[in-house]
Amino acid sequence: MNASTRIYDNTLALQLKSRMDGERLRRLVEAKTVEDGLKMLADYGFSYSPDGTIDGFIVAETNKLIEFVSESESERAARSLLAEFVYNNVKLAYKARFVEIGKDGYYDIEGLDVDAIKHGDYKDCDEIMTAALEALDSAGESKPQNIDRALTNAMYKTALSCPSLVIKKYFRAQIDMINILTAARMYRLKIFNENEFIPGGTIKLDELTEAASGKNFALIFGSTPYADMAERLEKSDFTALGAFERESDDYLFYMTDELAASMSSYKPFLNRYTSARIELKTIKAALVCIKTDSREAFYARRPDIYA
């Protein structure tokens, strides 16, 4: 992709200003019903969910993000940024061999025949996806957690296949933070399985293994960009897992939110992409709090970027 095209795509991304701020989120979470909340979101420029469900709204908005990335980015960059959504569909299609899976959980992904995957036909799948699916077939795998693990690893392998160093750094940071959280969960549950760690990050497996023992947890990550996050997690006695996940999202946002970032780099686009992902997670949390009448809990879950 040449510099002028990159600048154009970044310009389009920067026009996608966040539709939510702290005040709008406060109004949303104070809505009397989920239906009222969805109508409010429609007034703010979001999709209106005709079925009146939270999941219907999230899928509709995610499909709009998928369409924007597909139309704006180069094929290889889009392949990385959309890998999570593609592999969501692949996971559902593979699990559909063993359990009933509704169509409402699938995203709109062009060129992916989920029915073919369900029936073991991988002719339209790329090399990474085919290898992962064939390995599951050979193992006779039917357990959902094992299917998720294998396909998540393939998803990140796909995400890291983009030649852009900025995009690689972005996804390696994401892998690192997931692996730190996994180590904390292992320690808390007293269950260890090194296969739970995702390959491709910058933190070594032996460091993650040691961290999962709970000994010197924060010290192990002291030289990483996630040192403060790991220290807070340890100080909470590994109970603040949700807070760590929110901090991870914030980290990816601020990591790409450099005022001096060149318009010929991927950072501006990645920042808007990350902002959109955080926005949907935050809105979903607000709608769930309305549904469960636990509105006060929302403010503890709100990302720092809305503080």
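Worth saying up front: this structure is predicted, and the values here are computed from it rather than measured.
Inter-residue side-chain proximity for Leu219 and Glu234 is flagged as unmet; no heavy-atom pair is nearer than 4.5 Å. Annotation: side chain of Phe217 is in contact with side chain of Ile180 (closest heavy-atom distance under 4.5 Å). Side-chain contact check for Ile175 versus Ile178: every heavy-atom pair is 4.5 Å or farther apart. Within the 4.5 Å cutoff, side-chain heavy atoms of Tyr299 are placed close to those of Arg26. The closest side-chain heavy-atom distance from Leu28 to Leu287 is below 4.5 Å. In this structure, the side chains of Leu241 and Arg188 come closer than 4.5 Å at one or more pairs of heavy atoms. No side-chain heavy atom of Ile66 sits under 4.5 Å from any side-chain heavy atom of Asp108. Met155 is not listed as a side-chain neighbour of Phe171, based on a closest heavy-atom distance of 4.5 Å or more.
Annotation: Arg76, atom CZ; neighbour count of heavy atoms from other residues, nucleotides and ligands within 6.0 Å does not exceed 12. The 12-atom threshold is not exceeded at NZ of Lys157, counting heavy atoms of other residues, nucleotides or ligands nearer than 6.0 Å. Residue-environment remark: NZ (Lys32) stays at or below the threshold of 12 foreign heavy atoms within 6.0 Å. With a 6.0 Å radius and a threshold of 12 heavy atoms from other residues, nucleotides or ligands, Glu127 has its CD atom at or below the threshold. For Lys64, the NZ atom is densely surrounded, since the number of other residues' heavy atoms within 6.0 Å is greater than 12.
A side-chain donor-acceptor contact under 3.5 Å links Glu141 to the backbone of Lys143. Judged by distance alone, with hydrogens and angles left aside, the side-chain atoms of Asn179 form a donor-acceptor pair with the main-chain N or O of Ile198 at under 3.5 Å. Side-chain atoms of Ser294 do not come within 3.5 Å of backbone N or O of Ala297 as any donor-acceptor pair. When atom types are taken as modelled, the side chain of Arg172 and the backbone of Leu160 share no donor-acceptor pair closer than 3.5 angstrom. In terms of modelled atom types and a separation under 3.5 Å, the side chain of Asp21 and the main chain of Glu23 share a donor-acceptor contact. Between the Arg295 side chain and the Ala31 main chain, a donor and an acceptor come within less than 3.5 Å of each other.
Here the CZ atom belonging to Phe98 is positioned 11.5 Å from the NZ atom belonging to Lys118, to the nearest 0.5 angstrom. In this structure, CG in Leu133 is found 11.0 Å from OG in Ser138, a value given to the nearest 0.5 Å. With values rounded to the nearest 0.5 angstrom, Ile220 atom CD1 is found 10.0 Å from Ile203 atom CD1. With values rounded to the nearest 0.5 angstrom, Phe253 atom CZ is found 10.5 Å from Glu279 atom CD. Lys123 contributes atom NZ, which lies 6.5 Å from atom CG of Asp113 (distance to the nearest 0.5 angstrom). Annotation: the span from Thr209 atom OG1 to Glu194 atom CD amounts to 5.5 Å, rounded to 0.5 Å.
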Worked check of side chain to side chain contact (heavy atoms under 4.5 Å, CB included) between Thr158 and Met129 = CA-CA 8 Å; Thr158 298; Met129 189 182 295; over 6 Å; no
Go through the steps for Lys281 and Glu245 under the test salt bridge (Lys or Arg N to Asp or Glu O under 4.0 Å), then give the verdict.
-> CA-CA 11 Å; Lys281 287 183 183 180; Glu245 288 184 291; over 6 Å; no
Please report the C-alpha distance between Asp104 and Val59 in whole Å, then the side-chain angles of each, then the deciding distance to 0.1 Å, and finally whether the side chain to side chain contact (heavy atoms under 4.5 Å, CB included) criterion is met.
-> CA-CA 8 Å; Asp104 54 348; Val59 169; over 6 Å; no
Verdict with reasoning, Gln174 to Tyr156, per side-chain hydrogen bond (donor to acceptor under 3.5 Å, both in side chains) = CA-CA 10 Å; Gln174 196 174 86; Tyr156 276 109; 2.7 Å; yes
Could you go through the side chain to side chain contact (heavy atoms under 4.5 Å, CB included) check for Tyr106 and Leu112 one step at a time?
-> CA-CA 11 Å; Tyr106 290 91; Leu112 183 69; over 6 Å; no
Residue pair Leu208, Phe221: steps toward the side chain to side chain contact (heavy atoms under 4.5 Å, CB included) verdict = CA-CA 9 Å; Leu208 293 167; Phe221 304 117; 4.1 Å; yes
Walk me through it: do Tyr107 and Asn88 pass the test side-chain hydrogen bond (donor to acceptor under 3.5 Å, both in side chains)?
-> CA-CA 8 Å; Tyr107 297 121; Asn88 168 81; 5.0 Å; no
Carefully, step by step, assess Tyr170 and Thr274 under the rule side-chain hydrogen bond (donor to acceptor under 3.5 Å, both in side chains).
-> CA-CA 10 Å; Tyr170 180 89; Thr274 305; 2.6 Å; yes
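Electrostatic pairing of Glu61 and Arg19 counts as a salt bridge here, judged by a charged N lying under 4.0 Å from a carboxylate O. Taking the charged nitrogens against the carboxylate oxygens, Lys204 and Asp206 have no contact shorter than 4.0 Å, which rules out a salt bridge. Contact check on Asp304 versus Arg246 returns no salt bridge, with no Lys/Arg side-chain nitrogen under 4.0 Å from an Asp/Glu carboxylate oxygen. No salt bridge links Arg79 with Glu75; every basic N to acidic carboxylate O contact stays at or beyond 4.0 Å. Ionic pairing of Asp43 and Arg24 is not present here: no N-O contact between side-chain nitrogen and carboxylate oxygen is shorter than 4.0 angstrom. A salt bridge is absent between Arg27 and Glu30; no separation between the charged side-chain nitrogens and carboxylate oxygens falls under 4.0 Å.
Between Phe68 and Phe269, the ring planes are parallel. Angles under 30° get that label, and only those over 60° would be called perpendicular.
Judged as a salt bridge (Lys or Arg N to Asp or Glu O under 4.0 Å), and not counting sequence neighbours, the contacts of Arg149 are Glu196. Scanning for salt bridge (Lys or Arg N to Asp or Glu O under 4.0 Å) contacts around Lys103 gives Asp115, with sequence neighbours left out.
The two residues Gly222 and Ala227 come nearest to each other via the heavy atoms O-CB, 3.6 Å. Residues Cys289 and Arg301 share a closest heavy-atom pair of SG-NH1, 3.6 Å. The two residues Leu92 and Gly105 come nearest to each other via the heavy atoms CD1-O, 3.5 Å. Between Cys162 and Ile167 the shortest heavy-atom distance is SG-CD1, 3.8 Å. Closest approach of Ala96 to Ile101, counting heavy atoms only: CA-CG1, 3.7 Å. The minimum heavy-atom distance linking Ala173 with Met255 is given by the pair CB-SD, 4.1 Å.
Linking ILVMFWY side-chain heavy atoms closer than 4.5 Å, directly or via other members, places Tyr187 and Ile191 in two distinct hydrophobic clusters. Put simply, Val99 and Leu151 are part of the same group of oily side chains (I, L, V, M, F, W, Y) that touch within less than 4.5 Å, one to the next.
Between the side chains of Ser80 and Lys168, no donor N or O sits under 3.5 Å from an acceptor N or O. Asp176 and Tyr251 share no side-chain donor-acceptor pair at under 3.5 Å.
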